[in-house]
S.K.: 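Got a structure for you, written out below as structure tokens; questions coming shortly.
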Amino acid sequence: MYGADSRRPGRRPMRSLHPDTVLAVILLAFAAALLLFWLPADTDTGLYEIKRGKFTIGDALAPAFAGAVMAVAGLLLLFGPRAHDAPKLDADHVRFLSAMIAIVLVGMVLMRWVGPAATMLFADDDYRLLRDTVPWKYLGFASGGFVIVAGASSVVEGRFSRRAALAGLVAILLIIALYDLPFDDLLLPPNGDV
């Protein structure tokens with residue numbers, strides 16, 4: 001009864017899905033929902049706008065770019081090469097995933113509340129009035145972003161290092177240089193929602 005092959009004759013064994021296929025389907029489904037339903041329902045403008053002859057970034061540009069990157073990543077996972085021995089989920093994987101989720105959550109909390117807390121302690125005005133002025137507009141983004149990038153690098157490396165801290169600092173400065181400095185009407189997260 002419990003020999004080498006206890007399957008019934010004529011039945012084919014059920015194939016398990018490769019983890020890359022599962023992740024690819026999740027990414028593609030989320031990207032499709034984002035691009036086809038969420039963005040059109042939640043944004044007032046398109047990818048860009050032209051107001052009085054001036055080209056400005058629309059509300060949908062950044063999330064549409066993120067959705068496109070997710071879709072490309074899903075397609076690469078779906079049609080790319082696969083490891084023949086897919087890893088099984090164990091306690092180390094759960095610890096790693098839990099640490100990454102905790103780091104992102106702490107980073108998001110810092111991103112949202114460091115700016116308002118700093119203005120409450122050190123400024124006479126409300127944060128909403130200062131959210132597009134230096135240094136206030138950078139406090140939450142820089143502290144939360146640093147924690148996310150340096151923390152994720154530290155979890156991957158297994159320890160906190162100067163290289164992880166440098167990666168966090170460089171990533172924040174690069175994002176500020178690419179997204180904040182060239183555009184007058186763009187607010188770094190979370191300043192648009194505060």
Side-chain angles (χ1 to χ4, degrees), residues 30-31 33-35 38-70 73 94-194:
F30 189 77
L34 174 71
L35 295 170
W38 191 354
L39 286 180
D42 196 38
T43 55
D44 295 329
T45 65
L47 299 177
Y48 65 92
E49 285 185 297
I50 299 175
K51 293 181 184 175
R52 293 183 224 141
K54 184 180 177 189
F55 178 82
T56 59
I57 291 176
D59 295 339
L61 182 64
F65 178 73
V69 169
M70 277 190 281
V94 173
R95 277 193 294 274
F96 177 83
L97 187 59
S98 300
M100 293 299 258
I101 290 170
I103 285 168
V104 170
L105 289 176
V106 168
M108 298 295 251
V109 167
L110 288 171
M111 205 174 273
R112 171 61 180 89
W113 292 106
V114 165
T119 56
M120 198 167 41
L121 293 171
F122 303 110
D124 295 332
D125 284 328
D126 185 43
Y127 182 71
R128 191 159 179 77
L129 301 172
L130 299 173
R131 67 184 178 166
D132 196 27
T133 60
V134 177
W136 312 107
K137 67 178 180 176
Y138 296 127
L139 293 176
F141 179 77
S143 60
F146 177 81
V147 165
I148 291 171
V149 175
S153 297
S154 299
V155 169
V156 169
E157 291 178 1
R159 63 184 177 84
F160 185 76
S161 66
R162 278 188 235 159
R163 186 169 49 194
L166 184 62
L169 183 62
V170 169
I172 295 307
L173 293 176
L174 192 61
I175 291 170
I176 287 171
L178 291 175
Y179 287 100
D180 183 60
L181 298 180
F183 306 107
D184 294 333
D185 56 350
L186 188 69
L187 292 173
L188 289 170
N191 295 330
D193 298 325
V194 179

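All figures in this text were calculated on a predicted structure; none of them were measured in a lab.
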S.K.: Is it the case that atom CE in M108 sees more than 12 heavy atoms from other parts of the structure closer than 6.0 Å?
M.R.: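 Count not over threshold, so no.
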
S.K.: Side chains of Y138 and L188: closer than 4.5 Å at any heavy-atom pair?
M.R.: yes

S.K.: For A164 and S154, work out which heavy atoms get closest and say how close.
M.R.: CB-OG, 3.6 Å

S.K.: Look up atom CG in L130 and atom CG in D125, then write down how far apart they are to the nearest 0.5 Å.
M.R.: 5.0 Å

S.K.: Go through S161 and E157 one step at a time and tell me if the side-chain hydrogen bond (donor to acceptor under 3.5 Å, both in side chains) criterion holds.
M.R.: CA-CA 8 Å; S161 66; E157 291 178 1; 2.8 Å; yes

S.K.: Looking at side-chain heavy atoms only, is the closest gap between L105 and V109 below 4.5 Å?
M.R.: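 Not in contact.
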
S.K.: For a 4.5 angstrom cut-off between non-hydrogen side-chain atoms, does L187 reach R131?
M.R.: yes

S.K.: Minimum heavy-atom separation for V155 to A99, with atom names?
M.R.: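 Result for this residue pair: CG2-CB, 4.1 Å.
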
S.K.: Which heavy atom of L139 sits nearest a heavy atom of A118, and at what distance?
M.R.: CD1-CB, 3.6 Å

S.K.: How long is the span from the CH2 atom in W113 to the CE atom in M120, to the nearest 0.5 Å?
M.R.: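 Spacing of CH2 (W113) from CE (M120) equals 8.5 Å.
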
S.K.: Verify the neighbour count for atom OH of Y48: are there more than 12 heavy atoms of other residues, nucleotides or ligands below 6.0 Å?
M.R.: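 No.
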
S.K.: How about F141 and D180: do any of their side-chain heavy atoms sit closer than 4.5 Å?
M.R.: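 No, every pair of side-chain atoms sits at 4.5 Å or beyond.
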
S.K.: Taking ring pair (Phe, Tyr, Trp, His ring centres under 6.0 Å) as the definition, give me every residue that meets it alongside Y179, ordered by chain and number, with sequence neighbours left out.
M.R.: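 Residues passing ring pair (Phe, Tyr, Trp, His ring centres under 6.0 Å) with Y179: none at all.
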
S.K.: Any idea which heavy atoms bring F160 and A165 closest together, and the distance?
M.R.: CZ-CB, 3.8 Å

S.K.: State, yes or no, whether a side-chain contact exists between W38 and T43 at a heavy-atom distance under 4.5 Å.
M.R.: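 Of all side-chain heavy-atom pairs linking T43 with W38, none is under 4.5 Å.
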
S.K.: To the nearest 0.5 Å, how far apart are CD1 in I103 and OG in S153?
M.R.: 9.0 Å

S.K.: With side chains defined as the heavy atoms from C-beta onward, is the minimum distance between L39 and L34 less than 4.5 Å?
M.R.: yes

S.K.: Just to verify, what does L174 make a side chain to side chain contact (heavy atoms under 4.5 Å, CB included) with, not counting sequence neighbours?
M.R.: L178

S.K.: After noting the C-alpha distance and the side-chain angles of F146 and L110, does the key distance pass the side-chain contact (heavy atoms from CB on, under 4.5 Å) rule?
M.R.: CA-CA 10 Å; F146 177 81; L110 288 171; over 6 Å; no

S.K.: Can you give me the closest heavy-atom contact between A123 and W136, atom names plus distance?
M.R.: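 The answer is CB-CZ2, 3.9 Å.
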
S.K.: Testing the basics here: between G145 and M111, what is the closest heavy-atom pair and its distance to 0.1 Å?
M.R.: N-CE, 3.5 Å

